[in-house]
Amino acid sequence: MIEARHLSKRYGDFTAVDDVSFRLEPGQTLALIGPSGCGKTTTLKMANRLIRPTAGSVWVNGKDVAEQPLEDMRRRMGYVIQDIGLFPHYTVAQNVGVVPRLLRWAPARIRQRVGELLEQLGLPPGQFLEKYPHQLSGGQQQRVGIARALAADPPIILMDEPFGALDPLTRQQARRDFREVEALKNKTIIMVTHDIEEAFEMASLIGLLKGGRMQQLGPPEALLLEPANGFVREFLAEKAGQLELQSITLASLFPRLRQEEPVGAPILELAPHTPLLYAIHHLAKEGRHTWGGTQLSGSRRYFQLDELFHLFRQTLAPWSN
Ligand SMILES: Nc1ncnc2c1ncn2[C@@H]1O[C@H](COP(=O)(O)OP(=O)(O)O)[C@@H](O)[C@H]1O
Ligand SMILES: [Mg+2]
């Protein structure tokens, strides 16, 4: 659905991006990762022509983006700017409504859309519509930035370090909330991050760049299990153990969870992509009497803390009993 073909960007004789290609199907999330200066932002900006490529092209639904009117692009691609980048002299309502205004939506329609998005992002409109960015916390600003990118309901979202301006704790929470946002479901997303953990948590496809060149493009587990070269192995090495643990989710354990619904016990509902480790953490906080429940493509499963511990030991040491 969105495809980059042999994108390159040169500044004089310096090559910032060198022959980068990728292809994303609808609903996929690609994370571009790599060290500072490796060409992530430049690649992302070439995707919507904020930067014009020196060579190569970007195709959306079989059409060359370079030949589309600017307005079409705004409709198709929302952009979450690095460091959030809200307009400081605009209210929250005005910030979120920027693209719909450019697209000349009727004021009533803009108001409705802005209200609906703020609601979904956990910013009650009554409280936040008229606030200015400096009156918001970092996490709230970040959500306004995402609402702004989603305003015209574009099928494609580009995000440059969307959580980069947040402190580590807010950042983790923001990442989890992010996946529950209804307006973001089924979007095709290209995100830039320098955080490998974030990439693993959010993306179905990872592209690791170095010096403007794509080192490996593939699903997260491929980078972990079959690194294409020494750089990929090194880049992942530090966090490899942790990433492997995080890739064990309730969904991956689904067949081993119970089908019968417990009677009379409180149930803590967890999303199927919750890593086993987090599920244990959340259930432990609730106490032993609480069960967990999760739903995947219409079927439901249940589990208790002890059972999760058991599964955890099994997955850690499959060779022992
Ligand atoms: N306008 C520019 N002129 C010259 N060099 C640039 C320009 N913009 C970016 N670069 C260089 O291109 C490289 C890639 O930049 P960027 O894509 O922003 O990196 P990243 O987002 O991965 O940190 C960097 O070395 C940067 O200094
Ligand atoms: Mg950057």
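Sequence positions, counted from 1, serve as the residue numbers for this chain. Atoms within a ligand are numbered from 1 in the order they appear, just like the ligands themselves.
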Checklist entry - Does Glu198 pair with Arg171 as a salt bridge, N-O distance under 4.0 Å? => result yes
Checklist entry - On the ring face of Phe87, is Arg148 found with NZ or CZ under 6.0 Å from the centre and within 45° of the axis? => result yes
Checklist entry - Which ligand 1 atoms are under 4.0 Å away from a heavy-atom of Ala16? => result 12 (O), 13 (C)
Checklist entry - Who are the ring-ring contact (aromatic ring centres under 6.0 Å, His included) partners of Phe22, not counting sequence neighbours? => result none
Checklist entry - At a 4.0 Å threshold, what atoms of ligand 1 neighbour a non-hydrogen atom of Ser36? => result 23 (O)
Item to check | 2.8 Å cut-off (strict), protein N, O or S atoms about the Mg ion (ligand 2) | outcome: 1
Item to check | Nearest neighbour in protein (non-hydrogen) for atom 18 (O) of ligand 1 | outcome: Thr41 CB, 3.7 Å
Next on the checklist: Do Lys63 and Gln68 make a side-chain contact, defined as non-hydrogen atoms from C-beta onward lying under 4.5 Å apart?
Outcome noted: yes
Item to check | Heavy atom of protein inside 4.0 Å of atom 27 (O) of ligand 1, strictly below | outcome: no
Checklist outcome for this item: among protein heavy atoms, the one nearest atom 17 (O) of ligand 1 is Thr42 OG1, 2.5 Å
Checklist entry - Per the side chain to side chain contact (heavy atoms under 4.5 Å, CB included) rule, which among Val60, Ile189, Thr188 passes with Leu24? => result Thr188
Checklist entry - Between His134 and Tyr132, what is the ring plane arrangement, given parallel below 30°, perpendicular above 60°, and tilted in between? => result parallel
Next on the checklist: Less than 4.0 Å from atom 2 (C) of ligand 1, is there any heavy atom belonging to the protein?
Outcome noted: yes
Checklist entry - Can you check whether Trp105 reaches Arg113 side chain to side chain, under 4.5 Å on heavy atoms? => result yes
Item to check | Identity and distance of the protein heavy atom lying nearest atom 9 (C) of ligand 1 | outcome: Tyr11 CE1, 3.8 Å
Next on the checklist: Rounded at 0.5 Å granularity, tell me how far NZ in Lys9 sits from OG1 in Thr42.
Outcome noted: 8.5 Å
Item to check | Output field: ring centroids Phe178/Phe163 closer than 6.0 Å | outcome: yes
Next on the checklist: Can you check which of Gly34, Gly37, Pro35 brings a heavy atom nearest to atom 23 (O) of ligand 1?
Outcome noted: Gly37
Item to check | Side-chain heavy atoms of Leu136 within contact of Phe128, under 4.5 Å | outcome: yes
Checklist entry - Any idea which atoms of ligand 1 are less than 4.0 Å away from a heavy-atom of Phe14? => result 11 (C), 12 (O), 13 (C), 25 (O)
